[in-house]
J.: 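One structure is given below, represented as structure tokens, and several questions about it will come after.
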Amino acid sequence: MCRRVREEGWTVSEAAEAAGCSERACYRWLARFDAGEPLMDRSSAPRSVPNRTPAEVVAVMEQLRRLRQTSTQIAAALSMPTSTVCAVLARIGLHRLSRLDPPWSCQGLVDTGL
């Protein structure tokens with residue numbers, strides 16, 4: 001698409017239509033092409049999250065969750081919004097009770113042959 005516009009003389013709208021994208025996207029790719037940047041998709045994830053929950057609080061949330069407390073109970077204990085607690089638990093992979101260790105373990109039981 002970029003070569004068509006820059007070298008073959010296509011208009012941006014023609015090249016965008018041929019490539020199946022918007023003119024805005026075509027201009028974005030042209031800017032990268034002109035700057036000599038690699039023509040690859042970029043991540044849309046933010047580079048930093050300045051208001052992320054501190055690691056110490058996340059550790060306390062994890063400890064409380066491993067004690068099988070619900071997100072509402074954890075939020076009340078830490079005076080935080082439930083939505084924040086739910087987001088943090090999802091991020092660390094403990095948002096479902098099935099993700100936790102079972103409350104009891106079958107290890108160590110001997111087969112009695114019954």
Side-chain angles (χ1 to χ4, degrees):
M1 172 176 58
C2 296
R3 292 190 196 285
R4 288 177 178 172
V5 173
R6 293 296 184 237
E7 296 170 5
E8 297 176 18
W10 288 34
T11 65
V12 171
S13 60
E14 291 171 344
E17 186 176 340
C21 65
S22 67
E23 288 185 36
R24 182 176 179 185
C26 187
Y27 279 112
R28 187 180 318 125
W29 287 105
L30 283 171
R32 292 179 191 173
F33 181 78
D34 293 340
E37 297 179 19
L39 297 177
M40 297 187 315
D41 285 334
R42 294 181 184 171
S43 172
S44 60
R47 291 193 179 102
S48 68
V49 182
N51 293 325
R52 183 177 288 247
T53 306
E56 300 82 23
V57 177
V58 172
V60 172
M61 284 184 199
E62 182 177 356
Q63 290 173 350
L64 293 174
R65 184 61 171 164
R66 292 199 184 278
L67 294 174
R68 305 189 72 76
Q69 289 191 7
T70 65
S71 56
T72 306
Q73 292 170 332
I74 295 170
L78 299 177
S79 300
M80 296 180 73
T82 305
S83 59
T84 301
V85 174
C86 289
V88 170
L89 291 176
R91 189 174 71 226
I92 62 176
L94 296 177
H95 58 296
R96 301 210 180 269
L97 282 175
S98 61
R99 303 280 184 154
L100 298 172
D101 296 329
W104 50 270
S105 177
C106 295
Q107 293 179 353
L109 295 180
V110 179
D111 184 17
T112 58
L114 296 177

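Reckoned from all heavy atoms, side chains included, excluding hydrogens, waters and symmetry mates.
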J.: With no hydrogens and no angle check, is any side-chain donor or acceptor of E17 less than 3.5 Å from a backbone partner on E14?
T.: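 No; judged by distance alone, with no hydrogens or angles, the pair does not exist.
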
J.: Before giving the answer on side-chain contact (heavy atoms from CB on, under 4.5 Å), spell out for L94 and R66 the whole-Å C-alpha distance, their side-chain angles and the decisive distance to 0.1 Å.
T.: CA-CA 8 Å; L94 296 177; R66 292 199 184 278; 3.9 Å; yes

J.: Does atom CD of E37 have more than 12 heavy-atom neighbours from other groups under 6.0 Å away?
T.: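 Yes, the 6.0 Å shell around CD holds more than 12 heavy atoms from other groups.
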
J.: Shortest non-hydrogen contact from M80 to T84?
T.: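 For M80 versus T84, the nearest heavy atoms are CE-CG2, 3.7 Å.
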
J.: State, to 0.1 Å, how close S22 and A16 come at their nearest heavy-atom pair, and which atoms those are.
T.: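 Minimum heavy-atom contact is O-CB, 3.7 Å.
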
J.: Is it true that a side-chain atom of E7 and a backbone atom of R4 form a donor plus acceptor pair closer than 3.5 Å?
T.: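 No: the side chain of E7 does not pair with the backbone of R4.
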
J.: Restricting to non-hydrogen atoms, name the atom on V85 and the atom on S71 that form the minimum distance, rounded to 0.1 Å.
T.: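 Heavy atoms only, the tightest pair is CG1-O, 3.8 Å.
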
J.: If you link I, L, V, M, F, W and Y whenever their side-chain heavy atoms are under 4.5 Å apart, who else ends up in the same group as W29?
T.: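 In the cluster with W29 are M1, F33, L39.
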
J.: Any chance you could measure R6, atom CZ, to L30, atom CG, to the nearest 0.5 Å?
T.: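 So the CZ of R6 and the CG of L30 are separated by 4.5 Å.
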
J.: Do M61 and L64 touch side chain to side chain, with heavy atoms closer than 4.5 Å?
T.: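 The answer is no; the side chains never approach within 4.5 Å.
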
J.: Are I74 and I92 connected in the hydrophobic side-chain network, where two residues link if heavy atoms are under 4.5 Å apart?
T.: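 Both belong to a single hydrophobic cluster.
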
J.: Can you give me the closest heavy-atom contact between E23 and S13, atom names plus distance?
T.: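 Smallest heavy-atom distance, with atoms named: OE2-CB, 3.3 Å.
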
J.: A side-chain contact here means heavy atoms from C-beta on lying under 4.5 Å apart; do L89 and C86 qualify?
T.: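 Sidechains of C86 and L89: no contact.
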
J.: Taking the side chain from S48 and the backbone from P50, do they hold a donor-acceptor pair closer than 3.5 Å?
T.: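 No, the answer is negative, given that no donor and acceptor are paired below the 3.5 Å cut-off.
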
J.: Taking the side chain as C-beta and beyond, is there a heavy-atom pair between V5 and T11 under 4.5 Å?
T.: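 A side-chain contact under 4.5 Å is absent here.
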
J.: Do the side chains of V57 and V88 join up, straight or via other hydrophobic residues, at under 4.5 Å, putting them in one cluster?
T.: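 Same cluster.
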
J.: Provide the closest heavy-atom pair for H95 versus R65 in the form atom of the first, atom of the second, distance.
T.: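 Taking H95 first and R65 second, the nearest heavy atoms are O-NH2, 3.5 Å.
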
J.: Where do M40 and R32 come nearest, in terms of heavy atoms and distance?
T.: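 Heavy atoms of M40 and R32 come nearest at O-NH1, 3.3 Å.
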
